[in-house]
Every structure is written in C-alpha cells, then in structure tokens.
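First up is the structure itself, then whatever we jot down about it.
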Amino acid sequence: MDQQREKGGDTNGENSTPKMEGNVPIPRPFMGVKDRRFASFRMVVKGDYLDVESNSPLSDILSKRGDQKLLFADRITKLSGSGKIKQRAMMITDRAIYLADVDSYALRRRIPLASVDRICLSKLKDNFFALIIPTEYDCLMASTRKTEIVSILVEATKIKPAYEISVVFSNRIEYRSSADTTKIVLFEEIEGGIKTRIINKTYR
C-alpha cells in the first residue's frame with residue numbers, strides 16, 4: 001500500500017518562500033508529502049473565519065461546554081454515511097472539534113481531540129481529509145483550508161503526547177462512514193485535475 005505516516009508532522013515553514021521555476025513559485029509539499037495548489041500556498045491564515053465571538057449561537061456551543069480557547073472556525077463540506085454532501089460550521093478548540101448546522105447552528109457532533117487517532121489525506125492536490133476515530137465512526141470532509149486545519153490539530157495535540165495525532169498520506173483512504181459500513185476513497189491524478197471515487201469496502 002502506498003502510504004506514508006507522519007507522527008505529529010513538521011508544519012513549520014509552510015508559508016515560507018517556495019522554490020522558483022523561472023518567475024513562478026513552486027509551493028512546497030505539505031509536510032514534505034502532499035502536493036499543494038498555488039492558491040493554498042498564498043492563502044492568508046486567519047483562524048476564525050466565522051467571527052465566532054460575534055455569533056451568539058456558535059459561541060454558546062463552546063461556552064456551555066467550558067471551551068474558551070478557539071483555534072479555528074470555518075465552513076466545511078462533510079460527506080454523510082449515506083453519501084450526502086452537507087455543509088457544516090467547524091470549530092476547533094484545544095479540547096475538541098465541533099460540527100454545527102450552518103443554518104440553525106444546532107450542534108451535530110462534538111469530537112474530543114483525544115479520540116482522534118489520525119488524519120488521512122491523499123498525496124495529490126485535493127481538498128479531502130478524513131478524521132479516524134476508533135471509538136466512534138469516522139468523518140470525511142473537504143475544505144480549501146485543510147492545510148490550516150491539519151496543522152492546527154497537530155499542533156494542538158503535540159503538547160499532549162498521550163493522544164498526539166498522526167498524519168497519514170495515501171491515495172487510498174479507508175474510513176468507517178457508520179458503525180457497520182467501511183468506505184474507500186480512491187484518488188487518481190488525471191489530465192486536467194484529480195479524480196476521486198468513493199466505494200464501499202467489500203469483504204470476501
């Protein structure tokens with residue numbers, strides 16, 4: 001299996017000056033492995049893209065659970081167990097990941113950082129990432145800010161070695177979309193872009 005694992009991963013220097021090909025900058029691969037779009041390299045890191053402090057429903061979700069240190073907030077795309085595409089408001093604190101409905105702001109899921117075993121990404125220029133959570137079902141999502149999300153999750157758990165998150169790069173990602181269903185995401189580089197397929201895992 002074409003797979004590469006980075007324990008914690010070195011995210012330093014992600015926004016430093018890239019190598020040049022003529023007058024065109026070449027973005028460094030994320031964690032030395034994953035190819036990046038030029039737009040990803042140029043993206044400004046902000047952290048809170050939802051202005052949670054001014055959004056009472058979202059800030060209430062955190063305060064009611066004693067979470068005060070917000071590290072990241074943005075809209076992301078989540079693929080449900082049935083394959084439906086759903087928009088979610090993602091908030092990351094130093095303790096947990098929160099996924100809320102983007103319209104009602106109702107909390108849909110809270111994932112303690114301690115329960116995340118690893119993050120899986122392809123080696124290609126796509127926006128997908130999967131959170132692997134052994135004690136629950138996994139979570140497949142997509143975001144143009146996945147590099148920032150992964151870096152924040154890795155940094156947030158570095159100071160707690162007991163549950164430091166690993167980052168795994170492979171163009172074949174397995175994840176549990178529900179308690180009894182495992183799916184496989186296949187990534188392939190084709191002319192003009194990246195082809196992504198999601199299939200059910202079959203057992204012989």
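By convention here, the first residue in the shown sequence is residue 1.
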To the nearest 0.5 Å, how far apart are [atom1] in [X] and [atom2] in [Y]?
X      : Y      : atom1 : atom2 : answer
Arg65  : Thr93  : CZ    : OG1   : 11.0 Å
Phe129 : Tyr175 : CZ    : OH    : 13.0 Å
Ile152 : Thr157 : CD1   : OG1   : 12.0 Å
Ser170 : Phe187 : OG    : CZ    : 9.0 Å

Taking only residues two or more places apart in sequence, or in another chain, which ones meet [X] in a side chain to side chain donor-acceptor pair (under 3.5 Å)?
X      : value
Asp74  : Arg145
Arg109 : Glu136
Lys86  : none
Ser82  : Ser80

Would you indicate whether the side-chain heavy atoms of [Y] and [X] approach each other to under 4.5 Å?
X      : Y      : value
Asp117 : Ser166 : no
Lys78  : Leu99  : yes
Ile119 : Leu131 : yes
Leu186 : Ile173 : no

Considering all heavy atoms of both residues, which atom of [X] and which atom of [Y] are nearest to each other, and what is their separation?
X      : Y      : value
Leu124 : Ser122 : N-OG, 3.0 Å
Arg110 : Pro112 : O-CD, 3.6 Å
Ile194 : Lys125 : CG1-O, 3.6 Å
Ile149 : Met90  : CD1-SD, 4.0 Å
Leu153 : Ile165 : O-CD1, 4.0 Å
Asp48  : Glu53  : OD2-N, 4.2 Å

Derivation and outcome, salt bridge (Lys or Arg N to Asp or Glu O under 4.0 Å), residues Asp67 and Arg95: CA-CA 7 Å; Asp67 260 330; Arg95 297 170 56 195; 3.5 Å; yes
Could I get the full list of side-chain contact (heavy atoms from CB on, under 4.5 Å) partners for [X], not counting sequence neighbours?
X      : result
Asn200 : Thr181, Lys183
Lys201 : Glu174, Thr182, Ile184, Tyr203
Lys64  : Asp60
Ala114 : Tyr163

Same apolar cluster (I L V M F W Y, side chains within < 4.5 Å links), Leu79/Val102: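 Hydrophobic grouping puts Leu79 apart from Val102.
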Pairs involving residues 130-157, ordered by first then second residue, that meet ring pair (Phe, Tyr, Trp, His ring centres under 6.0 Å) (sequence neighbours left out):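 Qualifying pairs, neighbours excluded: none.
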Main chain of [Y], side chain of [X]: is a donor-acceptor contact present, judged purely on distance under 3.5 Å?
X      : Y      : value
Ser63  : Ser59  : yes
Ser151 : Glu148 : no
Asp138 : Ile133 : yes

With Phe72 via ring-ring contact (aromatic ring centres under 6.0 Å, His included) - residues at least two apart: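 By the ring-ring contact (aromatic ring centres under 6.0 Å, His included) rule, Phe72 matches Tyr49.
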Step-by-step side chain to side chain contact (heavy atoms under 4.5 Å, CB included) determination, Leu140 to Ser177: CA-CA 8 Å; Leu140 179 65; Ser177 58; over 6 Å; no
Trace of the side chain to side chain contact (heavy atoms under 4.5 Å, CB included) decision for Asn127 with Ser143: CA-CA 5 Å; Asn127 293 326; Ser143 170; 5.8 Å; no
Any residue meeting salt bridge (charged side-chain N to carboxylate O under 4.0 Å, His left out) with Asp101, in chain and number order, not counting sequence neighbours: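 In terms of salt bridge (charged side-chain N to carboxylate O under 4.0 Å, His left out), with neighbours along the sequence ignored, Asp101 is linked to Arg88, Arg108.
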Apart from Met91 itself, residues in the same hydrophobic cluster as defined by side-chain heavy atoms under 4.5 Å: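 Leu50, Val52, Leu58, Ile61, Leu62, Leu70, Tyr98, Tyr105, Leu107, all in the cluster of Met91.
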Heavy atoms from other residues, nucleotides or ligands near CD of Gln87 exceed 12 (cutoff 6.0 Å): yes
Whether over 12 other heavy atoms sit under 6.0 Å from Ile85 CD1: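 Check fails, neighbour count at 12 or below.
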